Amino acid sequence: MLPMVDLDLTLGCGQVFRWFKEGEWWSGVVDGKEVHLRTHDRRIDVRGEISKDRLRDYFRSGDDLDLIYAEIARDDLMRDLASRFKGLRLIRQDPWECSLSYLLATNANFPRIQKMVDAVCRTFGPLLPGGRHDFPSPSNILDGEEKALKCGLGYRCGRMVEFARNVEEGRLDFEALMEMSYAECISYLKGFEGIGDKVADCIALFCLDHLEAFPVDVRIRRVMDRAYGIKGSYKVVRECGQRYFGRYAGYAQELLYHWDGLKST
DNA sequence: AACCAGGTCTCGA
DNA sequence: TCGAGACCTGGT
């Protein structure tokens, strides 16, 4: 049985870039298979070749949302967000896809990030039955790296190719990365071109199970200032968030991110 | 038409 | 260690 999940909140805005809503169905690609999900009678209908176990893992069913939301509900604002965004779950993404996606996500807005990731998938990713493309492997990208110029990535283009090379040639080892502590993996990831504190935090949170990560972007910066009067360097805002919200700061960050998104659009 | 975007890099103080 | 500018491109 799947955990309680609000698909619109969870898939719709921010953390993943390859899910699209067609009518009432959400369409995505997981493990190289096209998957369709919808909410029906408060249950999740699933179409596609994906096991219930895999789906539970993908939606982090081990996360006890009631416990987590209770723990991060430190004040009136967070209590309100916790009740309004009930069912917003973090997703356990594939490390390679997550890393490259957030490498591309720098200094761009959500529609553009979706567009860039989609261009990369159409250009390099194997075509799947049903018409969608898989997320390309590092070697998929390196095999035709000259085509990267046509993906509209701007200055991220060279970073993407270099990143693929670093993974392909073993300088970036995801197996090792997954064994590291939060601090270790941030420091390790920042050694690669195009990955700074923000991208490293996103990777730590969205695919490496470090729920204490607190990625700070423009929106989080704005919210932390407005709601709590916290401003300053990346480190200052991140550490304030982590200290205030505790071990599940990442979930708090996600609620605040969505909240700011509702207001600013 | 400017301004901004799930930032990073470089460089000077 | 920290702040300021540059940076591709497209959305709004």
Side-chain angles (χ1 to χ4, degrees), chain A residues 9-20 81 85 88-91 93 95 97-120 122-123 145-163 166 172 183 185-208 210-211 213-227 230-242 245 249-265:
Chain A
L9 286 174
T10 300
L11 301 174
C13 182
Q15 56 175 327
V16 283
F17 306 107
R18 294 244 297 149
W19 284 91
F20 303 97
L81 297 185
F85 300 151
L88 195 174
R89 310 189 70 90
L90 288 173
I91 285 172
Q93 303 184 35
E97 174 171 343
C98 178
S99 304
L100 180 55
S101 298
Y102 278 92
L103 184 81
L104 297 176
T106 61
N107 203 20
N109 53 25
F110 185 70
R112 184 167 180 214
I113 298 164
Q114 278 196 316
K115 196 171 175 181
M116 288 190 286
V117 172
D118 187 56
V120 166
R122 287 175 190 277
T123 305
E145 59 177 87
E146 71 284 349
K147 290 185 289 184
L149 291 169
K150 291 193 233 167
C151 293
L153 309 180
Y155 58 76
R156 306 161 192 79
C157 182
R159 293 177 180 176
M160 176 181 77
V161 173
E162 272 320 293
F163 191 66
N166 279 324
L172 197 169
C185 81
I186 294 296
S187 153
Y188 178 81
L189 286 166
K190 283 177 66 176
F192 298 93
E193 186 196 350
I195 301 184
D197 281 310
K198 162 63 170 58
V199 172
D201 266 328
C202 286
I203 296 170
L205 178 61
F206 296 134
C207 66
L208 299 177
H210 295 301
L211 300 184
F214 192 79
V216 178
D217 58 28
V218 180
R219 282 159 70 160
I220 293 302
R221 217 171 252 296
R222 184 163 53 217
V223 168
M224 291 298 281
D225 183 14
R226 220 175 66 90
I230 290 165
K231 54 182 100 181
S233 68
Y234 188 96
K235 272 199 180 107
V236 167
V237 179
R238 165 211 267 160
E239 279 161 22
C240 283
Q242 291 180 316
F245 295 113
Y251 269 98
Q253 189 269 6
E254 209 55 21
L255 294 184
L256 291 168
Y257 181 84
H258 280 265
W259 180 51
D260 185 80
L262 294 184
K263 292 185 307 180
S264 60
T265 53

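Here is the naming used below: chain letters follow the sequence lines, and residue numbers restart at 1 for every chain. Computation of the quantities below employed the complete heavy-atom set of this structure, encompassing side-chain atoms and omitting hydrogens, waters and symmetry-equivalent molecules. Nothing here was measured: the structure is a model prediction, and the numbers come from that model.
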### Message
The criterion is side-chain hydrogen bond (donor to acceptor under 3.5 Å, both in side chains); which residues satisfy it with A:Asp197, sequence neighbours excluded?
### Response
A:Lys190, A:Arg238
### Task
Verify side-chain contact (heavy atoms from CB on, under 4.5 Å) between A:Gln93 and A:Phe17, making sure each step is shown before the conclusion.
CA-CA 11 Å; A:Gln93 303 184 35; A:Phe17 306 107; 5.9 Å; no
### Message
Between P on C:dT9 and CZ on A:Arg112, what's the gap in Å once rounded to a whole number?
### Response
8 Å
### Query
Roughly how far apart, to the nearest Å, are B:dC9 and C:dG10 at atom C1'?
22 Å
### Message
As a test of understanding, state which of A:Val16, A:Ile113, A:Val117 forms a side-chain contact (heavy atoms from CB on, under 4.5 Å) with A:Ser101.
### Response
A:Val117
### Query
For A:Tyr234 and A:Pro215, which heavy atoms make the closest approach, and how far apart are they?
OH-CA, 3.5 Å
### Task
Please report, rounded to the nearest Å, how far the P atom of C:dG11 is from the CD atom of A:Gln114.
11 Å
### Message
Is it true that, when you exclude A:Lys231 itself, more than 12 heavy atoms of the residues, nucleotides or ligands shown sit nearer than 6.0 Å to its NZ?
### Response
no
### Length of the NZ-P vector between A:Lys231 and C:dG3, whole Å
13 Å
### Query
B:dA5 C1' sits how many Å from A:Tyr102 OH, rounded?
14 Å
#### Entry: Distance, rounded to the nearest Å, where A:Leu149 contributes CG and C:dC8 contributes P
13 Å
### A:Arg112 versus A:Gly152, closest heavy-atom pair with distance
NH2-O, 3.1 Å
### Message
Taking side-chain contact (heavy atoms from CB on, under 4.5 Å) as the criterion, tell me which of A:Lys115, A:Lys147, A:Arg156, A:Met160 meets it with A:Val120.
### Response
A:Met160
### P spacing across the pair C:dC8 / B:dC11, given as an integer number of angstrom
15 Å
### Message
Can you measure A:Ile220 atom CD1 to B:dA5 atom P for me and round it to whole angstrom units?
### Response
13 Å
## Note on the structure
Output field dot_bracket for DNA chain B (Watson-Crick or G-U, both distances under 3.5 Å, | for other-strand pairs) contains .||||.|||||||
### Task
Locate the shortest heavy-atom distance separating A:Phe20 from A:Gln114; write the atom from each residue and the value.
CE2-NE2, 3.7 Å
### Task
Could you encode protein contacts along nucleotides 7-13 of chain B as a string, one character per nucleotide from 5' to 3', using B for base contact, S for sugar-phosphate-only contact and - for no contact, with a heavy-atom cut-off of under 4.0 Å?
BSS----
### Message
I need the NZ-P distance between A:Lys115 and C:dT12, as an integer number of Å.
### Response
10 Å
#### Entry: Closest to the A:Pro111 side chain, choosing from B:dA5, C:dG3, C:dG11
C:dG11
### Query
If every non-hydrogen atom of A:Leu90 is compared with every non-hydrogen atom of A:Gly250, which pair is closest and at what distance?
CD1-C, 4.3 Å
### Task
Could you check whether A:Arg221 gets within reach of a base, just the sugar-phosphate, or nothing at all, counting any heavy atom under 4.0 Å?
nothing
### Query
Whole Å only: how far is the CE atom of A:Met160 from the C1' atom of C:dC8?
14 Å
